[in-house]
Number of protein chains: 2
Amino acid sequence: MEDETFDDISESSSVGAAQRVFHALSSAPRRKILAYLSASGLTAGEIADRFSMSKPAVSQHLSILETAGLIRREKQGQFVHYSLIENNLVNTLNGFVQEVCPVGRPIKKESQARARRKELP
Amino acid sequence: MEDETFDDISESSSVGAAQRVFHALSSAPRRKILAYLSASGLTAGEIADRFSMSKPAVSQHLSILETAGLIRREKQGQFVHYSLIENNLVNTLNGFVQEVCPVGRPIKKESQARARRKELP
DNA sequence: AAAGTAATTAGGTAATTGCTTAATTAATGG
DNA sequence: CCATTAATTAAGCAATTACCTAATTACTTT
């Protein structure tokens, strides 16, 4: 397996996939980066420009997001282009919600949101 | 300010509701507690028994989960009974997913899960 | 090949976290 | 009312985090 929402019942090192995702999401700057990337891919520099912290600090956040499988890194010449990987985020959060909640609640809200937009099959 | 999924564009103290929820979820023991509580309410002691760490440490985790609005605390005699508050968890995660992802992806997965179970309206 | 730009790595530090044990508060039963 | 059990608060500490500046790597342009 490779799921890990329930994490190590067996009390181990806490470096599962879910752990990496949830840790990545626990930081406001990192969530902000994801939000920026949801609009469009950006270079490391463009992302850093949107923050008041130093470039290396932002680079570190990007690396954590990448390790969590939430964003992808593509080198283009001297630039590094980052973009969102939606699946891992959605699957991890969704899997967790499914496990913790007796199912049913989330659907209503999502159905509403869905109704307001175009349908993808 | 009180929503904060997008967090402080304005660069502030990062103590929003979303911040509290995501921080709460970033810990494996805390996610484990939520999973236990998804099955049934439990007293602080019953929860602590399921971990190898000390009772005060577990108590602290419970307090963080409560502050995040993910669980509720009810004193019953000399016991303290904890139980899950599903709404806050689901709404926060759902809201975040809606914001970061172009909508549509989560629904399919949840619909599948829903089909496998009984329908709540 | 030298200079400039983009990005990361390295090294250091103050603040925070995640636990511990000891002390305290609160409810129950003899 | 004293002892016991449940739970939290308090105090302290090792390990980690989140940032910084300086140095390095890698690509581009002249």
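Proteins come first, then strands; the chains are lettered A, B, ... in the order of their sequence lines, and each starts at number 1.
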| query | Within less than 4.0 Å of OP1 or OP2 of C:dA6, is there a side-chain N or O belonging to A:Thr43? | reply | no
| field | Whole angstrom value for the distance that separates C1' of C:dT9 from CD1 of A:Ile64 | value | 14 Å
| Counting side-chain heavy atoms from C-beta on, which of D:dA10, D:dA7, C:dG18 comes nearest to B:Gln60? | C:dG18
| request: Spell out, as yes or no, whether a donor-acceptor pair under 3.5 Å connects the side chain of A:Arg30 to the backbone of A:His23. | output: yes
| note | B:His23 has its side chain closest, among D:dC27, C:dG18, C:dT8, to C:dG18
| query | From D:dC19, D:dT5, D:dT28, pick the nucleotide closest to the side chain of A:Gln78? | reply | D:dT28
| Expressed in angstrom and rounded to an integer, what is the separation of A:Ile33 atom CD1 from C:dA7 atom P? | 13 Å
| Do any N or O atoms from the side chain of A:Ser59 and from the backbone of A:Lys55 form a donor-acceptor pair under 3.5 angstrom? | no
| task | Using atom types as modelled and distance alone, determine if a side-chain donor or acceptor of B:Arg31 lies under 3.5 Å from a backbone N or O of B:Leu25. | result | yes
| Can you tell me if the side-chain N/O atoms of A:His81 get under 4.0 Å from OP1 or OP2 in C:dA6? | no
| Can a side chain N or O of A:Arg73 be found less than 4.0 Å away from OP1 or OP2 on C:dT8? | yes
| Looking at the side chain of B:His61, which of C:dC19, C:dA10, D:dA7 is the nearest nucleotide? | C:dC19
| request: From the options C:dG18, D:dC19, D:dT8, select the nucleotide whose nearest atom is closest to the side chain of B:Arg30. | output: C:dG18
| query | Within this structure, what is the CD-to-P distance between A:Gln76 and D:dA26, rounded to whole angstrom? | reply | 18 Å
| Rounded to whole angstroms, how far apart are CD on A:Glu46 and P on C:dT5? | 17 Å
| query | Below 4.5 Å, heavy atoms only, C-beta onward: do B:Tyr36 and B:Tyr82 meet side chain to side chain? | reply | no
| For B:Phe79 and C:dT28, what is the distance between atoms CZ and C1' respectively, to the nearest whole Å? | 9 Å
| remark: From CZ of B:Arg31 across to C1' of C:dG18 the rounded distance in Å is 15 Å
| Residue-phosphate contact under 4.0 Å: A:Tyr82 side-chain N/O, C:dA6 OP1/OP2 | no
| task | Using a 4.0 Å heavy-atom cut-off across all strands, classify B:Ala44 as base, sugar-phosphate, or nothing. | result | sugar-phosphate
| field | Nearest listed nucleotide, side chain of B:Lys75, among C:dT21, D:dA7, C:dA26 | value | C:dA26
| said: Using modelled atom types and a 3.5 Å cut-off, is there a donor and acceptor pairing between side-chain atoms of B:Gln60 and backbone atoms of B:Ala57? | reply: no
| message | Within the 4.0 Å heavy-atom criterion, would you say B:Ser63 contacts the bases, only the backbone, or no part of the nucleic acid? | response | nothing
| query | Is there a side-chain polar atom (N or O) of A:Ser54 under 4.0 Å from OP1 or OP2 of D:dC20? | reply | yes
| message | Nearest whole Å is fine: how far is D:dA6 P from B:Leu62 CG? | response | 16 Å
| request: Specify the separation, in whole Å, of atom CE of B:Met53 and atom P of D:dT8. | output: 14 Å
| If you check every side-chain atom of B:Ser59, which of C:dA6, C:dT9, D:dT8 has the closest atom? | D:dT8
| query | Of all the choices, D:dA7, C:dA6, C:dT9, which nucleotide is nearest to the side chain of B:Lys55 once you look at every atom? | reply | D:dA7
| query | Ignoring hydrogens and geometry, is there a side-chain-to-backbone donor-acceptor pair from A:Arg73 to A:His81 under 3.5 Å? | reply | no
